[in-house]
Amino acid sequence: MRPQSIQYQKFMSSIHPYITRLIQCIDLEEKEQVSRYSLDQQHTLRSLKAEGLALHPISVTRKNFGYADYPEISFRLNFPADTGMFRDGSAIECFTAGQEPVKGVLMNLEGRSGEFRLFAPDFPDWIEDDSVGIKLAPDQRTTGIMKTALKELPAHPRLYQLFEQLHGEIQVHEKSPRATISSIGFTNKTLNESQHQAIAGIAENETITIVHGPPGTGKTTTLIEAIVQLVKNGEKVLVSAPSNTAVDNIAKGLIAQQLKVLRVGNTSKVDEAVFPFTPEGKLSGGKQLKEIKDLKIRAEQFRKMALKYKRSFGKAEREQRNLLFKEVKNIRTEIKKLQAYNEEKLYTDASVILGTPVGLYDAKLNKLNFQTLVIDEAGQCIEPLAWCIFPLAERYVLAGDHFQLPPTVLSHEAARLGLNRSILEACIPVVNNIFLLDTQYRMRASIAGFSSNYFYKDLLQTASHLTNNATHITFVDTAGSGYNEERGSDGTSLQNEGELRIIQKLAETENVDLVRAALISPYAGQVAAARELFPAQLRISTIDSFQGQEKEIIFLSLVRSNDDGDIGFLKDYRRMNVAITRAKEQLFVIGDSATIGADPFYNSFLEYIEKNGSYRTVWEFDN
C-alpha cells in the first residue's frame with residue numbers, strides 16, 4: 001500500500017464517521033455516473049437515448065464565443081425527447097462518431113431548443129455534422145469540490161461543531177422571535193402572520209432558521225422580504241439554490257427592491273431583468289472591457305490561423321496547430337484573471353450576492369464577510385453541496401419543503417447510505433427555529449386539501465378567494481378497461497396508451513386551452529409517448545422535472561395498471577405530493593383504482609376525491 005494511502009486512511013479514521021460515509025457516497029455516485037454515462041459496447045447510443053441520457057442528433061442553429069471566450073452552441077431537437085435529466089448546469093459531452101468527444105456544460109434547455117458551452121479553445125471541425133449529439137457526463141468537478149469541503153470541515157471548529165450537532169441529534173437552540181415582530185418595518189404590506197413570524201425568526205437567527213414552505217405559500221416572497229430586512233440591518237447576504245431558475249427568481253425580487261445585487265455563476269442565459277446585475281452585465285459598458293476586447297481579438301486571430309490547418313495534415317502542421325490553440329488557451333487564462341480583478345470591486349460593493357452553490361464557490365468569496373447565507377430549495381440540495389458554501393457565512397436560513405421530492409442521486413447504494421438526504425432533511429430533526437408558512441395562494445381549496453391533510457397535518461390553509469363549491473379535482477378510473485401498462489419500444493420505461501387517449505378526450509370534452517395546461521407523469525416512457533401524440537402547445541413533463549412549476553390545468557397520468565398491484569416508485573408519496581399540487585384551477589388524475597387502491601395512501605386519495613371532487617370511469621369516454 002502506498003504511503004499516501006495509509007496517511008489518507010489515518011485522516012479519514014480521525015474525523016466524524018458521517019463525513020467518512022458522505023465521502024464514500026460521493027465516490028459511489030461518481031463511479032455510477034462514469035458507468036451510466038459511458039458510450040461503449042455495454043452502453044450504446046440507442047440505450048443512452050432511451051434512458052434520457054443522450055440527445056441525438058441535434059441541429060446546430062448558432063455558434064458564438066461567450067463571456068469567458070468559450071465556444072457556445074445553440075441547438076434544436078427535431079424530434080420529441082425525454083429531456084428531464086438535462087438540467088441547467090449539467091456536465092455534458094458533445095460527440096460524433098469516430099471523433100474525440102468534447103466536454104462542456106448545458107447552459108439551458110427549454111422545450112426543443114437549448115444551448116451549451118464547450119471547454120475547448122474552438123469549435124470542433126465536426127460540430128455541424130449530421131451525426132452530432134450531446135450526452136450527460138460525470139460531473140467530477142462538483143463531486144471533487146464536495147469531497148474537499150467535507151475533508152476541510154474539521155479545520156473549521158464552529159462548522160465542525162454544527163456538523164456534530166446535526167448528526168448527533170443535539171438540538172440547535174434559538175431564541176424566540178415573537179417579541180421582535182412589532183419592531184420590523186415590513187416593506188411588503190401583503191404578508192400574512194406566518195410570513196411575519198418567519199421573517200422575524202430570520203432577523204433574530206443565531207445559527208439556523210428553517211422556513212418550511214409548502215406549495216404555493218409564498219416562500220420566495222417571504223425570503224425576499226427577509227433579505228431586505230437583513231440588508232436594512234447592515235448585513236451582507238449570500239443567497240443560493242441548487243437551480244439557476246430559483247436563484248434568478250429571488251434576484252428579480254431583490255432588484256425590484258433596489259438592493260445592490262450581484263448575480264454570479266452561469267449567467268449566460270439569465271433573465272433579461274437579471275443580466276445587468278451579473279459581472280458581465282455590469283462590466284459590459286465600462287472601460288475595463290477594452291483590454292478584454294483586445295485580448296479576445298488576439299485570441300480570434302490565433303484561432304483563425306489554427307483553423308487554416310484542416311483535418312488532414314502532417315506532423316509539423318499538427319504541432320503548429322496545437323501551439324496556436326495553446327496560445328488561445330493562454331489568452332483565455334489572461335482574460336479570466338483580468339475579469340477576476342475587475343469583479344473584486346463588484347463583490348465588495350454588493351449587499352447581496354446570489355448564485356448556485358458551485359457558482360458561489362467558484363467566485364472565491366472567502367475574503368468577504370457575510371453574516372447570513374440563505375439557501376432556497378434546500379430540500380433539493382444534497383448535504384455535501386451545502387457544506388461547500390457554509391464556510392462563507394456565520395448564520396444560515398434554509399427554505400424548502402421536505403415533503404416534496406429529494407435530490408436526484410444515480411447510485412442506489414449512495415442513496416441507501418443517505419446521499420439523497422437534503423440539507424433540509426438533515427436539519428429538520430434537530431433545529432428549533434422552524435417556521436411553517438401556513439397559507440397557500442396557488443390552487444383551489446379542494447386541490448390543496450388532500451396534501452394539507454396527509455402531509456401538513458391540516459395546518460395548511462387556503463386563501464379565502466380560492467375557496468368555493470365548484471369541482472376542481474377529478475379522478476378518471478380505468479379499472480377493468482384493459483388499459484394496461486406496457487414497456488415502451490426502448491424497453492426501459494413504462495407507458496399507458498389508454499390513459500393518453502382518455503386525456504385527449506378529456507381535453508376535447510372540457511374545452512381545455514392547451515396553452516394553459518400541462519400533462520405530467522412519473523414515467524419518462526409515458527412522457528415520450530405523449531410528446532408524439534399531443535400538439536407542441538401542451539407542456540409535457542415528468543413530475544420530477546415539473547417540481548417548482550404550475551399550470552392552470554394539470555393532467556396527471558399515473559400509468560401503473562397491472563394484476564399484481566405493483567405501483568413501483570409511485571410508492572414515494574412525495575412524488576405524488578408534487579404532482580397533485582401543480583394545478584391552480586383543475587386537476588385531472590387518470591389511473592387504475594384496482595392497481596393503486598390497495599396502497600393505503602392512494603386509497604385515502606381516492607376516498608378524498610369521492611368526497612371533494614368528481615369520480616368518473618373510463619366507460620364515460622368509451623365511444
Side-chain angles (χ1 to χ4, degrees), residues 186 188-202 209-226 241 243 245-246 249-250 253 376-380 397-405 424 428 434-475 516-518 520 543 546-556 573-589 601 604-605 608-609 611-613:
F186 293 102
N188 187 337
K189 305 303 181 185
T190 66
L191 300 173
N192 63 44
E193 180 63 19
S194 69
Q195 291 169 326
H196 285 161
Q197 289 286 348
I199 293 162
I202 291 170
T209 291
I210 291 174
V211 178
H212 182 191
T217 52
K219 174 172 58 69
T220 301
T221 301
T222 304
L223 292 180
I224 289 167
E225 178 68 25
S243 76
T245 302
N249 283 340
I250 296 183
D376 193 13
E377 290 188 346
Q380 281 279 299
V397 177
L398 305 179
D401 182 11
H402 52 295
F403 294 126
Q404 295 188 60
L405 283 166
L424 184 64
I428 283 283
I434 301 176
F435 296 90
L436 173 71
L437 304 182
D438 64 11
T439 305
Q440 70 85 16
Y441 301 89
R442 172 187 295 166
M443 62 205 109
R444 293 291 180 176
S446 58
I447 298 175
F450 180 76
S451 282
S452 175
N453 174 264
Y454 189 90
F455 294 100
Y456 308 109
K457 301 178 182 177
D458 275 332
L459 296 174
L460 183 60
Q461 309 163 46
T462 294
S464 57
H465 69 280
L466 293 172
T467 304
N468 64 18
N469 295 320
T471 299
H472 295 283
I473 183 168
T474 299
F475 183 81
R516 298 171 60 238
I520 61 176
I543 295 170
F546 206 69
Q547 179 161 294
Q549 301 178 60
E550 61 187 41
K551 277 285 189 179
E552 297 287 320
I553 303 159
I554 292 288
F555 297 105
L556 169 58
Y573 305 143
R574 291 175 295 183
R575 182 169 282 106
M576 192 65 172
N577 187 33
V578 171
I580 62 179
T581 56
R582 301 303 98 196
K584 297 165 73 174
E585 284 292 329
Q586 291 288 339
L587 172 64
F588 297 98
V589 183
F601 171 86
S604 298
F605 179 65
Y608 175 84
I609 292 179
K611 293 176 184 175
N612 300 280

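Given the structure is predicted, the values throughout are model-derived calculations rather than measurements. We count residues from 1, following the sequence as given.
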Could you give me the CA-CA distance, side-chain angles and deciding distance for Ile250 and Leu223, then say whether side chain to side chain contact (heavy atoms under 4.5 Å, CB included) is met? CA-CA 8 Å; Ile250 296 183; Leu223 292 180; 4.1 Å; yes
Can you confirm whether [X] sits close enough to [Y] that some side-chain heavy atom of one is under 4.5 Å from a side-chain heavy atom of the other?
X	Y	result
Arg516	Lys551	no
Phe435	Thr209	yes
Pro215	Gln440	no

Spacing of [atom1] belonging to [X] relative to [atom2] belonging to [Y], to within rounding of 0.5 Å:
X	Y	atom1	atom2	value
Ile520	Arg575	CD1	CZ	11.0 Å
Ile473	Ile447	CD1	CD1	6.5 Å
Gln461	Tyr456	CD	OH	14.5 Å

Ignoring hydrogens and angles, tell me if any N or O in the side chain of [X] forms a donor-acceptor pair with the backbone of [Y] under 3.5 Å.
X	Y	result
Lys457	Tyr454	no
Gln380	Leu405	yes
Thr222	Gly218	yes
Thr217	Thr439	no
Thr471	Gly613	no
Asn453	Gly449	no

Counting only heavy atoms not in Asn469 (residues, nucleotides, ligands), do more than 12 fall under 6.0 Å from its CG? no
Describe, in one word, how the ring planes of [X] and [Y] are oriented to each other, choosing from parallel (under 30°), tilted (30 to 60°) and perpendicular (over 60°).
X	Y	result
Phe475	Phe605	perpendicular
Phe455	Phe403	tilted
Phe588	Phe555	parallel

For the pair Arg442 and Lys584, evaluate side chain to side chain contact (heavy atoms under 4.5 Å, CB included) and give the outcome as yes or no after the intermediate values. CA-CA 6 Å; Arg442 172 187 295 166; Lys584 297 165 73 174; 3.8 Å; yes
His212 vs Leu437, test: side chain to side chain contact (heavy atoms under 4.5 Å, CB included). Steps then yes/no. CA-CA 6 Å; His212 182 191; Leu437 304 182; over 6 Å; no
Checking side chain to side chain contact (heavy atoms under 4.5 Å, CB included) for the pair Leu459/Asp438: CA distance, chi angles, key distance, verdict? CA-CA 6 Å; Leu459 296 174; Asp438 64 11; 5.5 Å; no
For the pair Glu550 and Arg582, evaluate salt bridge (Lys or Arg N to Asp or Glu O under 4.0 Å) and give the outcome as yes or no after the intermediate values. CA-CA 5 Å; Glu550 61 187 41; Arg582 301 303 98 196; over 6 Å; no
Going by side-chain hydrogen bond (donor to acceptor under 3.5 Å, both in side chains), name the residues that satisfy it together with Glu225, two or more places apart in sequence or in a different chain. Thr187, Gln229
Which atoms form the tightest heavy-atom contact between Leu587 and Ala579, and what is the distance? CD1-O, 4.5 Å
Hey, are Gln195 and Thr221 close enough side-chain-wise for a donor-acceptor pair under 3.5 Å? no
Answer yes if the side chains of Ser451 and Asn577 hold a donor-acceptor pair under 3.5 Å, and no otherwise. yes
